[in-house]
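Right, one structure below, let's go through it.
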Amino acid sequence: MRKWMGMLGMFICFLFCGLSVKADVIWEPYEDSFYRNHWEECEHVDRSYRANGPGGEVILYESPESAKEITRWENSTSGYISFTYTDANGVVWGVYNNGDVRESGWMPMEYMVVVYDSISFAEEFADVIVEESGALDAGDYTEVYFYSWPGAEHAISMPIESYVPEYHRVFVDEKGRRWGNVSYYYGMRDSWICLDAPLDAFYELWPEGAPQRGEEIPEPPADGDWIVPGSVEENKAPFVALIVGGVVLVTALLLVILKKSMKK
Amino acid sequence: MYLIEMFLVSLFLTLIIEFAVTWLFGLRTGKAMLLVLLVNVLTNPLAVLINWLCRVYLPEIVGAGIGKLILQLVIECAVVLGEAMIYRSFRRELQQIKRPFLLSFLANAASWLCGTALNRLL
């Protein structure tokens with residue numbers, strides 16, 4: 001008995017250990033009931049997207065199976081999409097969740113354009129980025145600028161702690177400077193440091209402005225091509241209409257009976 | 001689940017408010033309250049169904065803003081008219097029903113306003 005209890009205890013510990021690791025690694029929108037029921041079918045995305053829908057906006061719905069509208073985003077509004085779900089019709093839906101149910105919902109990813117990021121950069125320059133490992137020559141540096149990609153305006157200045165940042169991929173920019181891709185450094189993931197000028201901020205690196213990265217935002221789809229979580233709702237419509245029709249008929253009959261009974 | 005909630009919550013809230021308004025109009029007997037119940041069971045699910053179908057099939061027109069408001073008002077007008085006609089047909093049987101159109105208008109206006117306010121708050 002004691003042996004079984006011990007094994008049960010170990011099993012429970014194992015379950016909870018797994019949960020805590022998962023929660024530590026990726027954030028999940030557990031407030032969203034659709035996500036809770038379909039998390040196994042959802043794909044982790046973890047990127048920011050910009051609205052680019054027909055008619056100048058994108059509608060956020062309660063779920064990929066509910067046409068209940070939560071809110072609308074004007075085109076160019078951007079938000080963090082944590083997971084996507086592909087419905088039975090092959091439509092990919094992304095979930096935006098900021099903890100407020102009045103602002104969180106699901107949107108068709110066809111109407112979203114990814115905000116240029118380190119993944120976009122790696123894809124765009126895949127043929128010139130080379131595998132090369134090394135560590136930043138710390139020298140006299142006490143802090144270093146970490147960029148999302150070489151040419152990104154926004155950077156985070158980080159003090160060099162007990163160990164120097166290590167890189168595993170190198171990119172040579174338009175001015176011949178070498179950049180190293182750092183997978184992880186004190187919470188910073190997939191960022192770039194300029195190996196030749198790690199202390200330089202954006203305006204020192206690119207006084208005339210950074211070169212254009214990525215493609216221009218495509219034209220939004222034509223008006224009228226709206227994707228609605230209708231696949232399921234539309235399938236339910238005849239059934240729901242039939243039930244309501246039945247209720248109406250029975251109630252009308254009861255009203256006639258009530259009227260006759262009151263005449264007597 | 002969402003659909004069941006949508007129909008039941010709407011009917012439940014409408015019944016509470018319309019019972020209160022018709023009570024004020026003197027419809028307090030068992031048969032009068034049964035009439036109010038049946039009238040609402042007849043019109044409310046139909047109104048919710050039409051509203052939902054329009055939202056599913058015509059989201060770009062009635063999904064939000066002025067289109068949504070116009071759709072709701074058109075449906076409410078039809079409901080007011082329908083309920084008023086039923087109440088009027090019961091005038092002989094229920095002496096308390098003196099002004100069926102006013103009764104129907106006030107009952108539905110109250111329930112629509114409360115529903116709109118609740119939607120904003122929740």
Open item on the list: Could you check whether atom CZ of Phe12(B) has more than 12 heavy atoms from other residues, nucleotides or ligands sitting under 6.0 Å from it?
Closed with: no
Open item on the list: Report which part of Leu53(B) has an atom under 4.5 Å of a heavy atom belonging to chain A: side chain, backbone, both, or neither.
Closed with: side chain
Task: Heavy atoms from other residues, nucleotides or ligands near CZ of Phe19(B) exceed 12 (cutoff 6.0 Å) - done: yes
Open item on the list: Which residue is it: Leu249(A), Val247(A), Leu254(A), Leu255(A)? I am looking for the one with a side-chain contact (heavy atoms from CB on, under 4.5 Å) to Leu42(B).
Closed with: Leu255(A)
Open item on the list: Please classify the contact between Val244(A) and chain B as side chain, backbone, both or neither, with a heavy-atom cut-off of under 4.5 Å.
Closed with: side chain
Open item on the list: Counting only heavy atoms not in Arg28(B) (residues, nucleotides, ligands), do more than 12 fall under 6.0 Å from its CZ?
Closed with: yes
TODO: Please round to the nearest 0.5 Å and tell me the distance separating atom CE of Met262(A) and atom CG of Leu35(B).
DONE: 6.5 Å
Open item on the list: Checking the side chain of Lys31(B) only, and the main-chain atoms of Leu258(A) only, is there a donor and an acceptor separated by less than 3.5 Å?
Closed with: no
Task: Gln72(B): partners by side chain to side chain donor-acceptor pair (under 3.5 Å), with sequence neighbours left out - done: Trp112(B)
- [ ] Might you confirm whether atom CZ of Arg213(A) has over 12 heavy atoms from other residues, nucleotides or ligands at distances under 6.0 Å?
- [x] yes
TODO: Look up atom NZ in Lys259(A) and atom CZ in Arg92(B), then write down how far apart they are to the nearest 0.5 Å.
DONE: 7.0 Å
- [ ] State which residues pass side chain to side chain donor-acceptor pair (under 3.5 Å) with Ser118(A); sequence neighbours excluded, sorted by chain then number.
- [x] Asp190(A)
- [ ] With side-chain contact (heavy atoms from CB on, under 4.5 Å) as the test, would you mind laying out the steps for Phe7(B) and Ile243(A) before giving the verdict?
- [x] CA-CA 11 Å; Phe7(B) 279 99; Ile243(A) 291 177; over 6 Å; no
